[in-house]
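Reading through the structure tokens given below for one structure.
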Amino acid sequence: MTDHGPQPVERQLPTEEARDLLALVRDLVQREIEPVAAEEEEAGRFPREVFRLLSASGLLALPYTEEFGGGDQPYEVYLQVLEELAAARLTVGLGVSVHTLACHALAGYGTKEQQAEHLPAMLGGGLLGAYCLSEPSSGSDAASLRTRATRDGDTWTIEGTKAWITHGGIADFYTVMARTGGEGAHGITAFLVPGDAPGLSAAAPERKMGMKGSPTAQLHFDGVQVPDARRIGDEGQGFAIALSALDSGRLGIAACAIGVAQAALDEAIAFTAGRRQFGRPIADFQGLRFMLADMATQIEAGRALYLAAARLRDAGLPFSKQAAMAKLFCTDAAMRVTVDAVQLLGGYGYTADFPAERYMREAKVLQIVEGTNQIQRMVIARHLAGAESR
């Protein structure tokens, strides 16, 4: 491991409050996350205490309104916080993004009564959320999901299995998409399910190549009963709610990807500056300098792209196409940058003594989650062709 820490990114932030917020995040990262990130990832430990600290600090509520305990920050600020967290440990950055995704349905489509009852605890009460859309046989084709909710009076009974659930088995609440009507997108409804609901259980976490500290598991719904007061939005509106959440969630993944890429670049710069061969630092060799220059350019381009999409969202303008572009470009860039970082470290990059190999393994999943990059290309192409559906 090099002695040189990452240099703070020069950020264009809209307010002095936002600058203070980023300074707070960097301080928290240096004290609570970075020192143990490698050890805890290797051991597969989930940093639940860190998430409690983030909640108490208001960092799990940044893009939501103050009315229910949110931070009332624009997305362009929230995403840069995510980037800083992901650069320190992707398990934390992605976990915050998933929690924010899980709160989106209630914050955007719940009634005032539902929001007043649940949002304060979800946003600042130390709770952790998860988002349940994918299933074993419906990943990219999410509209074909089979988990079913059947109504009897004021109670819904949910039966089925959800797959690839980040925080599966440890979350305090789940935003669940279930079929309440016929086939296709219009037969799906959203529900807010407590993590301790009778009949809800989790399988053993998946054994993954990266993000070992973040549990990903199947969830089984065996007669889980949910009152109609926990239905979010109208019956049949669930898939539209899910897509709305994913547009914002894709920006979170893009920011996390740039965070991982930035961490890999910082490590590569520090290593090549300190490693000497042929009597001089290897960073003096033009071939390696060009690799570093390309890495830095991809990161800056990705950051600009996700921030441009975020500013559209903050202005209340359509941003679905730009979110897909940002997710596609930033995650592909993170994969290229982390592979190059391993190459620049040579044999050391292939060992677990340096974080470059961890960054490379983590970058891969970002090309897959919340819509594979092949799906992002489909979304972008449909926008370009003028199609209304996705």
Side-chain angles (χ1 to χ4, degrees), residues 6-30 33 53-88 92-101 103-104 107-108 119 122-124 244-263 265-266 296-331 333-334:
Q7 297 300 309
V9 174
E10 294 184 6
R11 300 191 179 278
Q12 295 182 355
L13 295 164
T15 63
E16 189 64 36
E17 179 186 10
R19 284 186 281 276
D20 290 342
L21 175 62
L22 266 292
L24 168 70
V25 172
R26 286 170 178 161
D27 179 66
L28 187 150
V29 159
Q30 291 168 4
I33 301 176
L53 176 60
L54 293 173
S55 180
S57 303
L59 297 176
L60 292 187
L62 288 176
Y64 295 112
T65 64
E66 291 180 335
E67 181 181 2
F68 299 111
D72 215 18
Q73 289 294 319
Y75 241 67
E76 70 165 306
V77 173
Y78 157 69
L79 293 178
Q80 293 185 78
V81 169
L82 274 192
E83 185 189 327
E84 293 278 349
L85 293 172
V92 176
L94 188 67
V96 173
S97 181
V98 167
H99 176 84
T100 303
L101 185 71
C103 295
H104 179 275
L119 271 182
M122 292 165 61
L123 296 179
S244 172
L246 286 175
D247 282 341
S248 297
R250 285 165 182 164
L251 294 181
I253 299 301
C256 286
I258 293 303
V260 172
Q262 184 69 56
L265 174 63
D266 290 339
T297 300
Q298 292 176 77
I299 290 169
E300 289 290 346
R303 184 176 291 123
L305 187 57
Y306 86 64
L307 286 174
R311 288 167 185 141
L312 287 176
R313 185 190 189 281
D314 290 335
L317 298 172
F319 69 100
S320 178
K321 178 183 71 174
Q322 289 80 4
M325 288 176 168
K327 198 275 184 183
L328 169 64
F329 182 89
C330 292
T331 59

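Note that the numbering runs from 1 along the sequence shown for the chain.
For the pair Ala257 and Cys330, the tightest heavy-atom approach, listed with the atom from each and the gap, is CB-O, 3.5 Å. Nearest heavy atoms, Ala254 versus Ala326: CB-O, 3.6 Å. When every heavy atom of Gly124 is checked against every heavy atom of Ser55, the shortest pair comes out as C-OG, 3.4 Å. Pairing each heavy atom of Ala323 with each of Leu251, the nearest pair is CA-CD2, 3.7 Å. Here the closest heavy-atom approach between residue Ala263 and residue Ala87 is recorded as CB-O, 3.4 Å. The nearest pair of heavy atoms linking Gly249 to Ser97 is O-OG, 4.1 Å.
The salt bridge (Lys or Arg N to Asp or Glu O under 4.0 Å) search around Arg26 returns Glu84, not counting sequence neighbours. Looking at residues two or more places apart in sequence or on another chain, you find a side chain to side chain donor-acceptor pair (under 3.5 Å) between Glu76 and Arg311. In terms of the ring pair (Phe, Tyr, Trp, His ring centres under 6.0 Å) criterion, residue partners of Tyr75 (sequence neighbours excluded) are, by chain and number, Tyr78. Under the side chain to side chain donor-acceptor pair (under 3.5 Å) criterion, Glu17 pairs with Gln73, sequence neighbours left out. Every residue meeting the side chain to side chain contact (heavy atoms under 4.5 Å, CB included) condition with Glu67, not counting sequence neighbours, appears here in chain and number order: Thr65, Lys112. Every side chain to side chain contact (heavy atoms under 4.5 Å, CB included) that Asp20 has, sequence neighbours left out, goes to Glu16. Residues satisfying the side chain to side chain contact (heavy atoms under 4.5 Å, CB included) criterion with Ala324, sequence neighbours excluded, are Gln376, Val379, Ile380. Thr331 meets the side chain to side chain donor-acceptor pair (under 3.5 Å) test with Asn373; sequence neighbours excluded. Evaluation of the side chain to side chain contact (heavy atoms under 4.5 Å, CB included) rule for Leu265 yields Gln262, Ile269, Leu292, Met295, Ala296, Ile299 as partners, not counting sequence neighbours.
Applying the ring pair (Phe, Tyr, Trp, His ring centres under 6.0 Å) test to pairs two or more places apart or on separate chains, none has a residue in residues 300-330.
The only option from Gln12, Glu83, Gln80 that meets the side-chain hydrogen bond (donor to acceptor under 3.5 Å, both in side chains) definition with Arg303 turns out to be Glu83. With respect to Val25, the side-chain contact (heavy atoms from CB on, under 4.5 Å) criterion is satisfied by exactly one of Leu82, Val81, Leu62: Val81.
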Intermediate values then yes/no, side-chain contact (heavy atoms from CB on, under 4.5 Å), Leu54 and Leu28
CA-CA 9 Å; Leu54 293 173; Leu28 187 150; 4.0 Å; yes
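Rounded to the nearest 0.5 Å, atoms CZ (Arg250) and CG (Leu101) are 10.5 Å apart. Rounded to the nearest 0.5 angstrom, Leu123 CG and Leu60 CG are separated by 8.5 Å. One finds the CG atom of Leu79 at 10.5 Å from the CD1 atom of Ile253 (value rounded to the nearest 0.5 Å). A distance of 13.0 Å separates NZ in Lys321 from CG in Asp247, rounded to the nearest 0.5 Å. With rounding to the nearest 0.5 Å, the separation of CG in Leu305 from CD1 in Ile258 is 8.5 Å. Atoms OG1 and CG, from Thr15 and Leu21 in turn, are 8.5 Å apart once rounded to the nearest 0.5 Å.
A donor-acceptor pair under 3.5 Å is absent between the side-chain atoms of His104 and the main chain of Leu246, judged by distance alone.
Residues Leu85 and Leu59 fail the side-chain proximity criterion, which asks for heavy atoms closer than 4.5 Å.
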